[in-house]
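What follows is a short report on a single structure.
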Amino acid sequence: MCGIAGWIDFQLDLERELPALRAMTETMVCRGPDSGGTWVSRGAALGHRRLAVIDLETGLQPMVVETPDGPVALTYSGEAYNFTELRDELRRRNHEFRTTSDTEVVLRGYLEWGLEIADRLNGMYAMGVWDGRVERLVLLRDRLGIKPLYYHPTENGVIFGSEAKTLLAHPAVSPVVDTDGFRELFGFVKEPGRSVWAGMHEVKPGTMVTFDRSGTREHVYWRLEVAEHQDDTETTVRRVRELLEDSVARQLVADVPQCVLLSGGLDSSALTALAGRRMADRGERPRTFTVDFEQPAAFRPDDWRGSQDAPFARAVVEHVGTEHHDIVLDHQELANPEVRRATVTARDLPFGFGEADNSLYLLFKAVRQHSTVALSGESSDEVFGGYPWFHLPAVQEVEMFPWVTAAGLIPKSHPTKLIDPDLLLRTLDVPGYWAQRYADTVAGLPVLPGESAHEQRMRRFCYVHLTSLLGQLLDRKDRMSMAVGLEVRVPICDHRLVQYVFNTPWAMKTFDGREKSLLRAAVADVLPPSVLERRKALYPNTQELRYVAELQRQVGELLSGDHQAVEFFDRAALTGAARGAAGAVSRDEREAFERVLDLAVWLDLYRPTIKLS
């Protein structure tokens with residue numbers, strides 16, 4: 001895994017602009033701690049930071065092939081899981097290879113197939129290809145948007161990179177956030193292709209964007225397709241298992257230590273079991289890691305978490321026979337301002353998932369001491385229908401993003417009452433933003449002839465999870481992991497599996513009356529019964545009141561110092577919550593503390609120019 005950067009200009013001589021390229025590239029040292037490189041020609045400048053995973057010695061970037069008609073250069077982040085098959089095919093077409101890296105396969109694949117290379121890749125990737133033969137830049141992002149990629153057009157070209165901070169390091173890009181950007185920040189619904197920074201865009205999942213002297217073109221090479229599902233339940237379960245096994249096997253290819261992130265839930269346990277079988281065949285024992293928290297008293301179940309992870313994770317460890325590590329976090333680590341600064345810096349944004357981002361960052365930091373690559377069950381809930389609200393008729397029937405409805409945000413205007421209501425309702429019109437974003441999201445989804453009204457509704461239900469919520473979660477996983485130089489792979493995001501399950505009828509997705517019926521049936525023979533029967537539990541958080549008390553103290557400091565971040569909140573309500581008893585703080589108030597602290601860090605780090613109209 002790596003970080004990429006680049007600058008194309010059809011007028012300037014970029015051979016004289018190396019300092020700007022280096023400044024951009026250096027923003028991604030965390031993403032690529034092993035090495036860095038630059039390549040510059042008159043019209044193109046490419047940068048790269050490398051986390052060595054495959055071909056540790058010779059897979060350096062940017063990688064260049066000199067052709068009789070000009071250079072073709074690649075800066076590439078990610079993994080092509082089918083690179084061995086592609087390399088074999090390219091060798092049959094008389095291509096010679098100097099390395100054993102997937103990077104060279106992608107570059108040679110572009111030389112052979114041009115833009116059609118996008119259709120041949122299986123993996124997670126973001127890349128920039130400068131084709132000096134025709135003076136064209138190609139930006140390409142994987143089908144599900146696992147790896148991030150941003151660009152900012154200029155008067156005579158374009159600037160691009162893996163992260164917003166990479167582009168902001170260029171003197172032509174200013175940190176401006178306008179009204180639309182603030183709707184993205186406060187709306188908690190991600191619009192593919194948008195960035196909160198004015199003038200900056202995100203390459204959409206499954207999309208390539210090309211730039212040359214004649215202009216900019218966007219081409220969608222993959223999207224979810226609606227098709228009638230022909231297989232019966234038994235065949236479908238068998239096919240899901242085949243696709244899972246193939247995806248796990250492909251994603252266990254690396255030249256560095258690997259592990260599995262194990263929560264004890266169905267998703268991560270399934271990956272642990274399948275990875276364990278695969279690794280056992282080659283004489284290896286998988287490592288597993290579980291996050292937990294120091295608790296002051298007995299665990300208190302709630303609507304989001306009915307059970308702790310640890311007992312179920314231990315059952316999987318004993319069943320599979322893994323080398324296991326429990327990562328136990330305390331309230332001081334979670335509330336540490338330096339940890340918050342690290343997570344906000346990784347996101348480039350103020351609002352994420354609060355404490356969950358901090359704990360994920362600390363988990364990944366601990367995992368990185370043992371492994372460079374980790375498998376994660378991310379996307380299972382979106383693919384197989386795992387969230388509790390998937391199964392609530394009152395949520396199913398509302399034409400709105402289901403997680404917005406389920407959290408009770410409609411008819412309320414926001415997850416917390418402490419954010420300034422005038423800002424939300426008048427300036428930003430967040431409810432109107434949600435309604436428009438939902439309408440735009442489902443507008444392009446075709447209707448399958450003969451499908452019942454309920455099946456159509458649930459298809460839309462699944463579609464908005466896969467095209468909106470999943471992107472936010474994948475981005476979070478990428479940012480927190482790459483902040484510590486850990487590559488996290490997501491086998492359930494294999495586009496073949498996602499496409500196949502998307503077209504299974506909702507009745508089949510829930511054939512046993514439970515959530516994630518197809519996944520549970522597909523791995524029933526490799527998991528202990530307790531894990532198979534466990535109900536969905538969301539990502540854990542600490543129940544330690546001293547964590548809340550520390551948040552209150554830090555928010556009190558912001559209030560007394562009159563920090564700019566406080567201006568975006570209801571000051572009186574925030575002050576009252578910060579002065580109250582920690583045990584009486586509501587979920588909304590706790591989340592508000594985390595958001596105002598995140599916002600303060602972000603304002604201090606990026607010094608954005610805010611333009612609200």
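Computed from a predicted model, the values in this text were never measured in an experiment.
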Taking atom types as modelled and ignoring hydrogens, do the side chains of E355 and S359 form a donor-acceptor contact shorter than 3.5 angstrom?
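Absent: no donor and acceptor within the cut-off.
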
Can you confirm whether the side chains of T343 and N358 place a donor and an acceptor under 3.5 Å from each other?
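Yes, because at least one side-chain N or O of T343 sits under 3.5 Å from a partner of the opposite role on N358.
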
For the residue pair [X] and [Y], establish whether any side-chain heavy-atom pair is separated by less than 4.5 Å.
X    : Y    : answer
L261 : L271 : no
E382 : L144 : no
Y81  : D102 : no
L115 : Y221 : no
Q396 : W389 : no
K516 : K536 : yes
E594 : R340 : yes
I419 : F568 : no

For the backbone of [Y] and the side chain of [X], can you confirm whether one donor and one acceptor N or O come within less than 3.5 Å of each other?
X    : Y    : result
R489 : Q251 : yes
S481 : K477 : yes
T166 : A164 : no
S247 : L244 : no
S517 : K509 : yes
E455 : A507 : yes
H391 : G385 : yes
S268 : S263 : yes
R141 : V203 : yes
D246 : E242 : no

Are [X] and [Y] ion-paired here, with the side-chain N under 4.0 Å from a carboxylate O?
X    : Y    : answer
K165 : D348 : yes
E116 : R120 : no
E79  : R250 : no
D231 : R239 : no
D478 : R31  : yes
E191 : R183 : no

Validate the cation-pi geometry between R476 and Y539: distance from NZ or CZ to the six-membered ring centre under 6.0 Å, angle to the ring axis within 45°.
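Because its charged atom sits under 6.0 Å from the ring centre and within 45° of the axis, R476 does stack over Y539.
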
Just checking, R459 and F502: is the charged tip under 6.0 Å from the six-membered ring centre and within 45° of the axis?
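Yes, a cation-pi geometry holds between R459 and F502.
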
Indicate the atoms forming the closest heavy-atom contact of [X] with [Y], along with that distance.
X    : Y    : answer
G161 : L167 : N-CD1, 3.3 Å
T75  : G47  : OG1-O, 2.8 Å
V383 : V501 : O-CG1, 3.3 Å

Does [X] have any ring-ring contact (aromatic ring centres under 6.0 Å, His included) partners at least two apart in sequence or in another chain, and if so, which?
X    : value
Y438 : F401
H201 : Y151
Y500 : H229
Y463 : none

How long is the span from the CG atom in L149 to the CD atom in E163, to the nearest 0.5 Å?
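CD of E163 is found 11.5 Å from CG of L149.
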
Got a sec, which residues hit side-chain contact (heavy atoms from CB on, under 4.5 Å) with A249, two or more places apart in sequence or on another chain?
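R278.
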
Using the ring pair (Phe, Tyr, Trp, His ring centres under 6.0 Å) definition, which of the options Y606, Y150, F182 pairs with W197?
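Going through the options one by one, the only one that passes is Y606.
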
So among F390, F511, F461, which one has a ring pair (Phe, Tyr, Trp, His ring centres under 6.0 Å) with W506?
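One option only clears the test, and that one is F390.
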
Using the rule given for side-chain contact (heavy atoms from CB on, under 4.5 Å), can you reason through V134 versus D212, listing the C-alpha separation, both sets of side-chain angles and the distance that settles it, and then say yes or no?
CA-CA 8 Å; V134 292; D212 57 27; over 6 Å; no

Residue list, side-chain hydrogen bond (donor to acceptor under 3.5 Å, both in side chains) with Q499, at least two apart or on another chain:
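With neighbours one apart ignored, the set is empty.
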
Under the side-chain hydrogen bond (donor to acceptor under 3.5 Å, both in side chains) criterion, do Y387 and E515 qualify, and how do the steps go?
CA-CA 8 Å; Y387 292 116; E515 78 282 358; over 6 Å; no

I need the single residue from D142, N82, D494 that forms a side-chain hydrogen bond (donor to acceptor under 3.5 Å, both in side chains) with N122. Which is it?
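One option only clears the test, and that one is D494.
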
D475 vs K190, test: salt bridge (Lys or Arg N to Asp or Glu O under 4.0 Å). Steps then yes/no.
CA-CA 10 Å; D475 188 71; K190 180 75 178 71; over 6 Å; no

Evaluate the criterion ring pair (Phe, Tyr, Trp, His ring centres under 6.0 Å) for residue pair F186 and F351; output intermediate values, then yes/no.
CA-CA 8 Å; F186 284 88; F351 300 146; 5.0 Å; yes

